[in-house]
S.K.: 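Take a look at the following structure, please.
Every heavy atom of this structure was used, including side-chain atoms; hydrogens, water molecules and symmetry mates were not.
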Amino acid sequence: MTGMLFEGFGVTLQIFFFTLFGSIPLAVPVALCRMSKIGIIRTITRAYISIMRGTPLMLQMFAIYFAPYYVFGIELTTDSKWQACIVAFIINYAAYFAEIYRSGIQSIPRGQYEAAEVLGYTRAQTFVRIVFPQVVKRILPAMGNEIITLVKDTSLAFAIGVAEMFSTAKALVASQVSMVPFAISAVFYWVFNFVVEVAINWGEKRLAYYHD
């Protein structure tokens, strides 16, 4: 039983890391488009963020999984479930992270940009040396909350048949008529979130020398 749960936990870890590695960089252009001075770009990005945050992630997975078949007539395969799961998670969390980035960037006083310009900094130097360290510090708690939520949201992958830890525990409960697999999986999730929390707290302490 434990071996099967470990195997399911491995899939959970894959969903978690693929989502982070995909959504965190994707959120950067999304945030910049959200702040664009071009109205149509700003409007489209706002609509994308609204849809991603305003509809259930599970529904988004179903839409991405079944769209190729119903729209293009493409046959679904076992790999289709995994691909739909990862794509849905990435585009969903990119929307949340983009709004966090935007709030962090817009929280920096305009005077800091002007002061850097007077000192001869280029726009790139201003962002890298002055703005970016402050933004990272300010958004880290909010990012941490979303990352912890992501750990728990990985269990939603069971909806389209991805055998992550929760679906594995559910199958074991049904076959063994015992709640023990659920209890063990709960411990897995808690330990995982505890490790994530420790890592985030470490990051906040490392950035403590940047004072507002």
Side-chain angles (χ1 to χ4, degrees), residues 1-31 44-45 47-101 142-175 181-182 184-197 199-200:
M1 177 179 67
T2 305
M4 293 180 65
L5 287 174
F6 266 113
E7 185 176 343
F9 183 62
V11 177
T12 294
L13 286 176
Q14 290 179 47
I15 297 172
F16 176 79
F17 286 112
F18 271 114
T19 301
L20 282 188
F21 293 149
S23 62
I24 288 178
L26 177 60
V28 175
V30 174
I44 292 173
T45 308
Y48 156 70
I49 292 174
S50 178
I51 293 171
M52 290 298 104
R53 299 200 304 170
T55 59
L57 174 56
M58 188 181 297
L59 180 60
Q60 294 165 21
M61 280 192 293
F62 279 121
I64 294 172
Y65 176 53
F66 288 110
Y69 176 76
Y70 286 109
V71 178
F72 304 106
I74 300 174
E75 290 295 327
L76 300 177
T77 65
T78 304
D79 290 337
S80 298
K81 297 177 181 179
W82 173 254
Q83 293 163 1
C85 172
I86 297 302
V87 170
F89 268 85
I90 288 175
I91 64 175
N92 178 275
Y93 271 86
Y96 284 92
F97 289 151
E99 284 296 270
I100 294 174
Y101 293 171
M143 290 288 289
N145 288 335
E146 288 300 326
I147 292 172
I148 288 173
T149 299
L150 170 60
V151 173
K152 295 176 288 186
D153 277 353
T154 57
S155 63
L156 296 176
F158 87 95
I160 58 173
V162 176
E164 42 65 63
M165 186 168 59
F166 176 74
S167 59
T168 302
K170 186 178 178 182
L172 288 170
V173 167
S175 64
F182 277 156
I184 296 175
S185 64
V187 172
F188 272 98
Y189 282 117
W190 177 77
V191 171
F192 191 10
N193 267 325
F194 180 76
V195 172
V196 170
E197 184 179 353
I200 292 168

S.K.: For F188, what residues pass the ring pair (Phe, Tyr, Trp, His ring centres under 6.0 Å) criterion, not counting sequence neighbours?
M.R.: F6, F9

S.K.: Under the side-chain hydrogen bond (donor to acceptor under 3.5 Å, both in side chains) test, which residues partner T45, sequence neighbours left out?
M.R.: none

S.K.: Got a second to check how far L172's CG is from M165's CE, nearest 0.5 Å?
M.R.: 11.5 Å

S.K.: Restricting to ring pair (Phe, Tyr, Trp, His ring centres under 6.0 Å), what partner residues turn up for F16, sequence neighbours left out?
M.R.: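 Expected list: F192.
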
S.K.: By the side-chain hydrogen bond (donor to acceptor under 3.5 Å, both in side chains) test, which pairs, at least two apart or in different chains, include something from residues 10-31?
M.R.: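 Sorted pair list comes back empty.
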
S.K.: Among all residues two or more places apart in sequence or in another chain, which pass the side-chain contact (heavy atoms from CB on, under 4.5 Å) test with S50?
M.R.: none

S.K.: On a heavy-atom basis, which atom in T168 and which in A163 lie closest, and how many Å separate them?
M.R.: OG1-O, 3.9 Å

S.K.: Restricting to ring pair (Phe, Tyr, Trp, His ring centres under 6.0 Å), what partner residues turn up for F66, sequence neighbours left out?
M.R.: none

S.K.: Taking only residues two or more places apart in sequence or in another chain, which ones pass side-chain contact (heavy atoms from CB on, under 4.5 Å) with L156?
M.R.: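 Per chain and number, L156 pairs via side-chain contact (heavy atoms from CB on, under 4.5 Å) with L57, M58, M61, D153.
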
S.K.: Nearest 0.5 Å, what's the OG-CD1 distance between S155 and I15?
M.R.: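 S155 atom OG to I15 atom CD1 measures 9.0 Å (nearest 0.5 Å).
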
S.K.: Only counting residues at least two apart or in another chain, list the ones meeting side-chain hydrogen bond (donor to acceptor under 3.5 Å, both in side chains) with Q60.
M.R.: T55, N92

S.K.: About how many Å separate CD1 of I91 and CD1 of I51, when rounded to the nearest 0.5 Å?
M.R.: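 Reported to 0.5 Å precision, the distance equals 10.0 Å.
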
S.K.: Got more than 12 heavy atoms from elsewhere within 6.0 Å of CZ, F18?
M.R.: no

S.K.: So how far is it from L13 CG to E164 CD, rounded to the nearest 0.5 Å?
M.R.: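 Answer rounded to 0.5 Å: 11.5 Å.
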
S.K.: Show your working on side chain to side chain contact (heavy atoms under 4.5 Å, CB included) between Q83 and Y65 and close with a plain yes or no.
M.R.: CA-CA 8 Å; Q83 293 163 1; Y65 176 53; over 6 Å; no

S.K.: Run the side-chain donor-acceptor check on residues 142-151: report pairs under 3.5 Å with partners two or more places apart or on a different chain.
M.R.:
residue	atom	partner	partner atom	Å
T149	OG1	N145	O	2.9

S.K.: Could you label the plane-to-plane angle of the Y96 and Y93 rings as parallel, tilted or perpendicular, counting under 30° as parallel and over 60° as perpendicular?
M.R.: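 Answer is tilted, since the angle falls between 30° and 60°.
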
S.K.: Within a reach of under 6.0 Å around CZ of F21, are more than 12 heavy atoms found that belong to other residues, nucleotides or ligands?
M.R.: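 It does not: F21 CZ has 12 such atoms or fewer within range.
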
S.K.: What pairs with I44 under side-chain contact (heavy atoms from CB on, under 4.5 Å), at least two apart in sequence or on another chain?
M.R.: I40

S.K.: Using ring pair (Phe, Tyr, Trp, His ring centres under 6.0 Å) as the criterion, list what pairs up with Y101, not counting sequence neighbours.
M.R.: none

S.K.: Got a sec, which residues hit side-chain contact (heavy atoms from CB on, under 4.5 Å) with Y69, two or more places apart in sequence or on another chain?
M.R.: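 Residues passing side-chain contact (heavy atoms from CB on, under 4.5 Å) with Y69: E75, L76.
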
S.K.: Sub-3.5 Å donor-acceptor pair from the side chain of S167 to the main-chain atoms of V162, do we have one?
M.R.: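 Yes.
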
S.K.: Of the non-hydrogen atoms in I160 and A84, which two are nearest, and what is the gap between them?
M.R.: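 The answer is CD1-CB, 4.2 Å.
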
S.K.: Checking side-chain contact (heavy atoms from CB on, under 4.5 Å) between F97 and each of V30, V28, L26, L20, which is the one that passes?
M.R.: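 Among V30, V28, L26, L20, the one that satisfies the side-chain contact (heavy atoms from CB on, under 4.5 Å) with F97 is L20.
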
